[in-house]
Undergrad: 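My questions all concern the structure below.
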Amino acid sequence: MSIDRRRFLCQAGVLGAAAFVTPGAFAEELSRTPRQTEGPYYPDRMPLDVDNDLLIINDAITRAVGEITHLTGRVTDVSGRPVENALVEIWQVDSNGVYIHTDAPRKDRRDRNFQGFGRFETGSTGEYRFRTIKPVRYSGARAAHIHFAINRNGRRTLTTQMYVKGNPDNERDSIFRRSGGASRDLLAVPFKPLPGSEIGELTANFDIVIGKTPEDGNQPRGWRW
């Protein structure tokens with residue numbers, strides 16, 4: 001395992017705790033993160049490596065192709081309280097626009113060095129952290145996006161998608177448009193240059209607010225809708 005990878009995996013919790021502690025209380029209820037479809041390509045066969053670094057599989061030397069992105073955020077409830085021990089899952093296409101699902105289109109073009117799926121369990125401040133690539137458009141009219149699933153106590157609490165703020169494809173994406181104006185602002189985040197990076201790394205922050213509703217909390221992990 002490379003030094004950079006070890007440092008990233010080991011420091012994720014420490015850096016996250018320092019970066020995401022938010023003092024004070026929220027006077028008003030926060031807007032819940034909109035639910036979105038899971039889509040057909042949640043992994044049907046889990047990769048051997050499901051950690052929070054999607055650029056390197058196990059102890060491989062070669063990393064995935066794409067714009068390196070440090071994806072962070074917090075999971076909270078509607079009062080702003082951190083949600084501890086939530087399992088955050090993400091999955092997305094590689095730089096060639098291919099999912100790791102066995103029925104994904106253009107499987108022959110898949111980047112075998114891209115993990116395609118990762119998990120992170122939140123700590124006491126509700127933070128999560130992934131190292132991945134900036135999402136790309138993959139087929140049809142779908143804009144670049146990353147799928148998210150939040151699980152608590154082995155049950156799916158929220159399924160959603162995150163988009164790239166300012167991407168012109170967003171307004172042509174039927175799933176994104178269906179969310180409505182205010183909800184779209186909650187789903188699209190800016191990708192910014194990482195200060196001091198000599199290789200053009202990016203950062204993106206996507207905070208997730210969950211709340212108990214009649215539809216939430218009753219679906220097993222991996223449920224698709």
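This is a predicted model, so every value here is computed, not measured.
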Undergrad: Can you spot which of Arg106, His147, Arg110 makes a side chain to side chain donor-acceptor pair (under 3.5 Å) with Tyr99?
TA: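 Going through the options one by one, the only one that passes is His147.
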Undergrad: Do the side chain of Asp53 and the main chain of Leu55 share a donor and acceptor less than 3.5 angstrom apart?
TA: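 Yes; at least one donor-acceptor contact below 3.5 Å.
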Undergrad: Which value, rounded to the nearest 0.5 Å, describes the distance between Thr72 atom OG1 and Arg129 atom CZ?
TA: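 That separation rounds to 5.5 Å.
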Undergrad: Are any of the side-chain heavy atoms of Glu201 and Glu67 separated by less than 4.5 Å?
TA: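 Of all side-chain heavy-atom pairs linking Glu67 with Glu201, none is under 4.5 Å.
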Undergrad: Can you find a heavy atom in the side chain of Ser179 that is under 4.5 Å from one in the side chain of Gln36?
TA: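 Yes, their side chains come closer than 4.5 Å.
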Undergrad: Should Gln161 and Thr37 be marked as a side-chain contact (heavy atoms from CB on, under 4.5 Å) after you check the CA-CA gap, both sets of side-chain angles, and the distance that decides it?
TA: CA-CA 8 Å; Gln161 299 178 35; Thr37 176; 3.5 Å; yes
Undergrad: Asp49 and Asn58: which non-hydrogen atoms are nearest, and at how many Å?
TA: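 Taking every non-hydrogen atom into account, OD2-N, 2.7 Å.
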Undergrad: Once you measure the plane-to-plane angle for Phe148 and Phe130, does it fall in the parallel (<30°), tilted (30-60°) or perpendicular (>60°) bin?
TA: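 Because their plane-to-plane angle is over 60°, the rings of Phe148 and Phe130 count as perpendicular.
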Undergrad: Verify the neighbour count for atom CD1 of Ile199: are there more than 12 heavy atoms of other residues, nucleotides or ligands below 6.0 Å?
TA: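 Counting other residues, nucleotides and ligands, CD1 of Ile199 exceeds 12 neighbours.
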Undergrad: If you take all heavy atoms of Leu54 and Thr132, which pair is closest and at what distance?
TA: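 What the structure gives for the nearest pair is CD2-OG1, 3.7 Å.
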Undergrad: Test salt bridge (Lys or Arg N to Asp or Glu O under 4.0 Å) on Arg184 and Glu171; report intermediate values, then the result.
TA: CA-CA 10 Å; Arg184 295 180 200 179; Glu171 295 308 316; 2.9 Å; yes
Undergrad: Please say yes or no: joined through hydrophobic side-chain contacts below 4.5 Å, possibly via intermediate residues, are Ile150 and Val83 part of one cluster?
TA: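 Ile150 clusters together with Val83.
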Undergrad: Any non-hydrogen side-chain atom of Val93 less than 4.5 Å from a side-chain atom of Pro135?
TA: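 Side chain of Val93 against side chain of Pro135, heavy atoms only: no contact under 4.5 Å found.
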Undergrad: Is there side-chain contact between Pro47 and Ile100, with heavy atoms separated by less than 4.5 Å?
TA: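 Yes; the side chains approach each other to less than 4.5 Å.
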Undergrad: Considering only heavy atoms from C-beta outward, does the side chain of Ser31 approach that of Leu186 to under 4.5 Å?
TA: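 They are in contact (side-chain heavy atoms under 4.5 Å apart), so the answer is yes.
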Undergrad: What are the two closest heavy atoms between Asn167 and Ala143, and how far apart are they?
TA: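 Minimum heavy-atom contact is ND2-CB, 4.5 Å.
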Undergrad: Taking the side chain as everything from C-beta on, heavy atoms only, tell me whether Pro82 gets closer than 4.5 Å to Thr122.
TA: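 Answer no - side chains too far apart.
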Undergrad: Is there side-chain contact between Phe114 and Ile133, with heavy atoms separated by less than 4.5 Å?
TA: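 SC-SC contact between Phe114 and Ile133 confirmed.
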Undergrad: Tell me, with the steps shown, if His70 and Ile68 meet side-chain contact (heavy atoms from CB on, under 4.5 Å).
TA: CA-CA 7 Å; His70 297 268; Ile68 299 175; 4.2 Å; yes
Undergrad: For the pair Trp91 and Tyr41, evaluate ring-ring contact (aromatic ring centres under 6.0 Å, His included) and give the outcome as yes or no after the intermediate values.
TA: CA-CA 9 Å; Trp91 63 102; Tyr41 298 122; over 10 Å; no
Undergrad: With rounding to the nearest 0.5 Å, note down the distance linking OG1 in Thr69 to CD in Gln92.
TA: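 The OG1 atom of Thr69 sits 8.0 Å away from the CD atom of Gln92.
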Undergrad: Distance to the ring centre below 6.0 angstrom and angle to the axis at most 45 degrees; does that hold for Arg74 and Phe120?
TA: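 Cation-pi check for Arg74 and Phe120: fails.
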Undergrad: Are Thr76 and Leu30 close enough, and set up right, to give a side-chain contact (heavy atoms from CB on, under 4.5 Å), and what steps lead you there?
TA: CA-CA 9 Å; Thr76 68; Leu30 299 174; 4.0 Å; yes
Undergrad: For residues Val136 and Ser95, report the shortest heavy-atom separation together with the two atoms involved.
TA: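 Between these two residues, the closest heavy atoms are CG2-O, 4.1 Å.
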Undergrad: Can you tell me which residue among Glu121, Arg119, Glu89 is in a side chain to side chain donor-acceptor pair (under 3.5 Å) with Asn151?
TA: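 That would be Glu89; it is the only one of Glu121, Arg119, Glu89 passing the side chain to side chain donor-acceptor pair (under 3.5 Å) with Asn151.
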Undergrad: Are any of the side-chain heavy atoms of Val189 and Asn205 separated by less than 4.5 Å?
TA: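 SC-SC contact between Val189 and Asn205 ruled out.
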Undergrad: In Å and rounded to the nearest 0.5 Å, what is the CG to CZ distance from Leu158 to Arg152?
TA: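 So the gap between those two atoms works out to 12.0 Å.
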Undergrad: Return each pair, listed once, that meets ring pair (Phe, Tyr, Trp, His ring centres under 6.0 Å) where at least one residue sits in residues 166-186; pairs must be two or more places apart or across chains.
TA: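 Counting only pairs at least two positions apart or across chains, the ring pair (Phe, Tyr, Trp, His ring centres under 6.0 Å) contacts touching residues 166-186 are Tyr163-Phe176.
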Undergrad: Arg109 and Asp94: which non-hydrogen atoms are nearest, and at how many Å?
TA: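 Nearest heavy atoms, Arg109 then Asp94: O-OD2, 4.4 Å.
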Undergrad: Show the nearest heavy-atom pair for residues Ser197 and Gly200, with the distance to one decimal.
TA: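 Minimum heavy-atom separation between Ser197 and Gly200: OG-N, 3.4 Å.
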Undergrad: To the closest 0.5 Å, what do you measure between NZ (Lys134) and CG (Leu71)?
TA: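 So the gap between those two atoms works out to 13.0 Å.
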Undergrad: Do Ile56 and Arg131 pass the side-chain contact (heavy atoms from CB on, under 4.5 Å) test, and can you show the C-alpha distance, the side-chain angles, and the key distance before you say yes or no?
TA: CA-CA 9 Å; Ile56 297 288; Arg131 189 170 73 147; 3.9 Å; yes
Undergrad: Roughly how far, to the nearest 0.5 Å, is the CD1 atom of Ile57 from the CG atom of Asp51?
TA: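 Rounded to the nearest 0.5 Å, the CG-CD1 separation comes to 10.0 Å.
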Undergrad: So, using salt bridge (Lys or Arg N to Asp or Glu O under 4.0 Å) as the criterion, who are the partners of Asp77 when residues are at least two apart?
TA: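 Once residues adjacent in sequence are excluded, the partners of Asp77 under the salt bridge (Lys or Arg N to Asp or Glu O under 4.0 Å) criterion are Arg81.
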Undergrad: How long is the span from the CZ atom in Arg112 to the OG1 atom in Thr62, to the nearest 0.5 Å?
TA: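 Here the interatomic distance stands at 14.5 Å.
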